[in-house]
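Following: one structure in structure tokens, then a few remarks.
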Amino acid sequence: MAANINNSTSSNYVSKKQKLRKNVHPFMGVTRTKRTSKVIRFNDSNESDLVSEQSLKEKNVVTYKSLKNRASDLLKMRKTLPVYQNKREIMTYIESNPVVVLIGETGSGKSTQIPQFILEQLYGTKKHGSIAVTQPRRVAAINLATRVAQEHGCKLGDQVGYSVRFDNMTTARTRLKYLTDGMLLRELMMNRELKEYSVVVIDEAHERTVLTDLILGFLKSLIQGPRPDLKIIVMSATLQAEKFSEFFNNAPILFVEGRKFDVKQYYLKAPTDDIVDAVIRCCVQINQCEQLGDILCFLPGQEEIDKAVTIMEKIAKYVADETPVPLIVPYPLYAALPPIQQALVFAPIKGFKRKVVFSTNIAETSVTISGVKFVVDSGLRKVKVWRHQLGLATLLTVPISQASAMQRSGRAGRESEGKSFRLYCESDYLKLPKQSEPEIARSDVTSPVLMLKRYGINDLLNWTWFENPGKDAVLMALQELYELGALNTRGKITKRGEQMALLPLQPHLSSVLIKASEVGCLSQVIDIVSCLSVENLLLNPSPEERDEVNERRLSLSNAGKRYGDLIMLKELFDIYFYELGKSQDSNSERNDWCKGLCISVRGFKNVIRVRDQLRVYCKRLFSSISEGNEESKKIGEDSEEISKILKCFLTGFIKNTAIGMPDRSYRTVSTGEPISIHPSSMLFLNKSCPGIMYTEYVFTTKGYARNVSRIELSWLQEVVTNGTAVAKQKISSSK
DNA sequence: GAGCACTGC
């Protein structure tokens with residue numbers, strides 16, 4: 001059953017008056033579209049601080065009356081939203097069905113309005129319970145809650161609040177809670193039936209993250225079992241509705257059109273084999289033939305982006321000299337870029353210039369750049385694909401899906417009409433898969449499986465998976481968990497497994513922490529684990545600075561030089577935390593220090609937050625830990641102490657070890673495959689390790705070990721874990 | 001001699 005709420009065709013979303021008036025001539029008397037004040041949203045976790053600090057200030061100033069005034073002002077704008085205009089019809093469906101799938105395009109207002117409609121209804125019928133709205137990203141949850149609180153006329157955290165890691169803005173009065181997928185899963189672990197909620201809204205379900213998929217599975221088992229009264233709304237931006245609908249017993253699908261501008265599509269006549277060259281040519285052509293407006297180019301990875309930026313910097317001047325066209329100013333954008341460089345992308349450009357941003361997929365969902373009128377799409381992206389049998393991740397460049405291509409094109413139509421140039425043929429576009437392969441189908445599911453075991457699921461292969469990751473994946477995860485001591489031979493969760501499931505870490509790292517608590521080096525290990533669980537802590541220096549930065553990092557880590565990256569992280573942490581943290585002006589001192597070593601300032605702040613959280617959890621979980629574990633400690637160069645720490649890591653990563661060969665290459669202990677130390681490692685140039693242990697094994701051009709430590713071969717026998725062959729047999733027979 | 005993107009009581 002499907003209901004199309006608006007009559008107009010879906011291809012033309014824009015009403016006449018919304019359409020931009022045509023510019024007189026592209027380069028004479030240019031009428032540039034006015035930039036909206038600040039549309040930039042970046043996934044900066046500091047932003048959560050800003051929001052909460054701001055709201056704290058507001059608490060003191062803002063009166064009840066001014067909140068209500070503001071809300072009634074906003075109501076006028078709300079009423080123009082497509083979702084609002086179909087409020088009654090949407091609510092009729094929601095009231096009369098246990099599950100509703102709602103397809104709302106960008107700008108439909110679904111994420112802000114639908115939850116409020118439900119809230120009104122809850123108030124109206126005097127029903128108990130509250131509403132949970134999940135988001136894949138933290139910033140989204142915070143921003144939505146902030147906005148909706150204003151619209152609702154309340155202080156943030158009052159009736160409307162949010163809950164994300166490190167930041168909880170809810171009170172006992174909160175009835176509408178925006179939260180990350182991960183947070184709702186945590187709540188599920190604590191409160192199996194989600195009794196607190198009468199409605200759960202899954203937003204951005206089309207993104208199909210592992211965590212969203214898991215929530216869908218849990219919700220289905222809840223409504224089929226102990227919570228038949230729980231109302232579920234699945235919201236998605238793309239037309240992948242059938243799968244959601246079928247999963248929930250053919251739930252009705254509602255379509256709400258969005259408010260976005262027309263984007264005209266262009267394709268190549270013949271395919272290209274040099275994508276960087278094609279992107280450059282396309283940008284130059286746009287610059288010569290189209291009106292002013294910025295260009296956003298999607299390329300698969302950093303390598304292509306850096307190449308494109310270099311070429312563009314060289315030719316921009318000549319292109320602009322030749323003809324009276326704007327000067328092209330190229331910018332790179334990817335996650336591992338230092339934040340200062342990332343910020344440049346968002347600053348408006350002045351003068352007769354055209355900003356060209358070469359970006360990875362980060363600009364597809366996580367980041368919005370204002371002023372973009374043209375999109376150039378390589379049709380490629382990089383994905384991490386987990387190989388269960390090999391226990392390694394491969395990084396592959398693959399064609400995108402049609403949904404992804406549409407999403408990329410849509411980036412040209414955020415503020416006005418735009419154009420999208422796809423650097424592939426239309427016939428090839430039609431051959432692309434409709435949707436990208438969901439993440440769970442290409443991921444390591446050790447962590448999800450542990451979560452399910454903790455929840456008490458025995459028959460994992462027949463659980464209510466929204467997307468079953470497959471027998472291989474589940475069996476490998478079970479074996480892995482058995483080897484980590486999280487499951488017993490019958491596949492039941494152990495006490496150790498319970499502890500692992502409660503720590504906000506991947507199971508391997510949880511297992512390392514538990515070991516550390518047993519042998520009395522918890523504090524040091526927590527510091528290292530905190531560093532490991534923050535992405536992009538050590539940024540990639542530009543090629544010119546590379547050697548210098550590496551040299552500086554090496555000179556600071558005396559023990560790290562010999563023992564590798566884990567110990568180096570601890571040494572860097574110690575400098576940041578103990579030495580730089582003491583001074584009067586510790587903040588600017590720390591910032592300068594990070595800058596010189598090409599370390600993310602934001603990253604280290606997150607390390608501290610993770611560390612604080614882990615210390616609290618550990619205190620609660622390991623009540624019997626020995627004294628001395630509690631106090632924080634700097635690491636020295638005592639080899640006994642370092643060995644003890646590395647052996648803790650070995651209990652979690654015993655599989656990730658390799659032995660040094662006479663020709664100075666390494667071969668993995670488990671499969672005998674050749675493996676190389678990643679060039680980003682401290683030990684890259686060190687040719688004298690008898691063995692290595694690594695926390696990550698990635699295959700790109702060849703097999704690379706990342707986060708590498710030196711180990712002695714004798715340690716491999718010292719560290720006792722559950723046997724491999726027996727485990728596999730027992731687990732598969734007991735299922 | 002190299003680095004898709006997110007996220008956790």
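Below, read A as the first sequence line, B as the second, and so on, with proteins coming before strands; counting in each chain starts at 1.
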Checklist entry - Closer than 4.0 Å, any side-chain N/O of A:Y704 to the OP1 or OP2 of B:dA2? => result yes
Checklist entry - What is the nucleic acid contact for A:L395, judged by heavy atoms within less than 4.0 Å: base, sugar-phosphate only, or nothing? => result base
Checklist entry - With sugar-phosphate meaning primed atoms plus P, OP1 and OP2, does A:Y617 contact a base, only sugar-phosphate, or nothing at under 4.0 Å between heavy atoms? => result base
Checklist entry - For A:E187 and A:K384, take the nucleotide of DNA chain B holding the closest heavy atom to each; which residue's nucleotide lies nearer the 5' end? => result A:K384
Checklist entry - Does the side chain of A:T700 get closer than 4.0 angstrom to OP1 or OP2 of B:dA2 through an N or O atom? => result no
Next on the checklist: Which residues pass the ring pair (Phe, Tyr, Trp, His ring centres under 6.0 Å) test with A:F684, not counting sequence neighbours?
Outcome noted: none
Item to check | Nucleotide nearest A:T180 (side chain, heavy atoms from C-beta), chosen from B:dA5, B:dA2, B:dG8 | outcome: B:dG8
Next on the checklist: Tell me the interatomic distance from A:L214, atom CG, to B:dT7, atom C1', rounded to whole angstroms.
Outcome noted: 12 Å
Next on the checklist: Please report the distance, rounded to the nearest Å, between CZ in A:R138 and P in B:dT7.
Outcome noted: 6 Å
Item to check | Touch class at under 4.0 angstrom, heavy-atom based, for A:E364 against every strand present | outcome: nothing
Checklist entry - Contact class for A:R381 (heavy atom, under 4.0 Å): base, sugar-phosphate, or nothing? => result nothing
Next on the checklist: Within the 4.0 Å heavy-atom criterion, would you say A:N361 contacts the bases, only the backbone, or no part of the nucleic acid?
Outcome noted: nothing
Next on the checklist: What is the separation between atom CG on A:N606 and atom P on B:dG8, rounded to the nearest whole Å?
Outcome noted: 10 Å
Next on the checklist: Just the rounded figure in Å: distance from P of B:dA2 to CZ of A:F699.
Outcome noted: 12 Å
Item to check | Touch class at under 4.0 angstrom, heavy-atom based, for A:L502 against every strand present | outcome: base
Checklist entry - When we call it a touch if two heavy atoms are under 4.0 Å apart, what does A:T209 touch: a base, just sugar-phosphate, or nothing? => result nothing
Checklist entry - Checking all strands, does A:M189 fall into the base, sugar-phosphate, or nothing category for heavy-atom contacts under 4.0 angstrom? => result nothing
Next on the checklist: For a quick check of understanding: with a heavy-atom distance under 4.0 Å over all strands, which category does A:Q506 fall into, base, sugar-phosphate or nothing?
Outcome noted: base
Checklist entry - Would one find a side-chain N or O of A:Q302 under 4.0 angstrom from OP1 or OP2 of B:dA2? => result no
Checklist outcome for this item: From the candidates B:dC9, B:dG1, B:dA2, the one with an atom nearest any side-chain atom of A:M190 is B:dC9
Item to check | OP1 or OP2 of B:dA2 under 4.0 Å from side-chain N/O of A:S680 | outcome: no
Checklist entry - With sequence neighbours left out, what residues match A:Y704 under ring pair (Phe, Tyr, Trp, His ring centres under 6.0 Å)? => result A:H678
Checklist entry - Do we see a donor-acceptor contact under 3.5 Å between the side chains of A:E364 and A:S404? => result yes
Item to check | Interatomic distance where NZ belongs to A:K195 and P belongs to B:dC9 [whole Å] | outcome: 21 Å
Checklist entry - With side chains defined as the heavy atoms from C-beta onward, is the minimum distance between A:Y162 and A:Q135 less than 4.5 Å? => result no
Checklist entry - Do the rings of A:F218 and A:Y455 sit parallel, tilted or perpendicular, given the 30° and 60° boundaries? => result perpendicular
Checklist entry - So A:F649 and A:F653, would you call those rings parallel, tilted or perpendicular, with 30° and 60° as cut-offs? => result parallel
Item to check | Selection from B:dG8, B:dG3, B:dC4 that lies nearest to any side-chain heavy atom of A:M183 | outcome: B:dG8
Checklist entry - Using a cut-off of 4.0 Å on non-hydrogen atoms, how would the nucleic acid contact of A:L505 be classed: base, sugar-phosphate, or nothing? => result base
Item to check | Interatomic distance where CG belongs to A:L299 and C1' belongs to B:dA5 [whole Å] | outcome: 16 Å
Next on the checklist: Base, sugar-phosphate or nothing for A:R454? Non-hydrogen atoms, less than 4.0 Å.
Outcome noted: nothing
Checklist outcome for this item: A:I142 CD1 to B:dG8 P, in whole Å, measures 9 Å
Next on the checklist: For a side chain to side chain donor-acceptor pair (under 3.5 Å) check, start with the C-alpha distance between A:T272 and A:D274, then their side-chain angles and the critical distance, and finish with the verdict.
Outcome noted: CA-CA 6 Å; A:T272 170; A:D274 184 344; over 6 Å; no
Item to check | Contact under 4.0 Å: A:R137 side-chain N or O vs B:dA5 OP1/OP2 | outcome: no
Next on the checklist: Let me spell it out: for each of A:N540 and A:G182, pick the nucleotide of DNA chain B with the closest heavy atom. Which residue's pick is nearer the 5' end?
Outcome noted: A:N540
Checklist entry - Contact class for A:L185 (heavy atom, under 4.0 Å): base, sugar-phosphate, or nothing? => result nothing
Next on the checklist: Between C1' on B:dT7 and CZ on A:R208, what's the gap in Å once rounded to a whole number?
Outcome noted: 17 Å
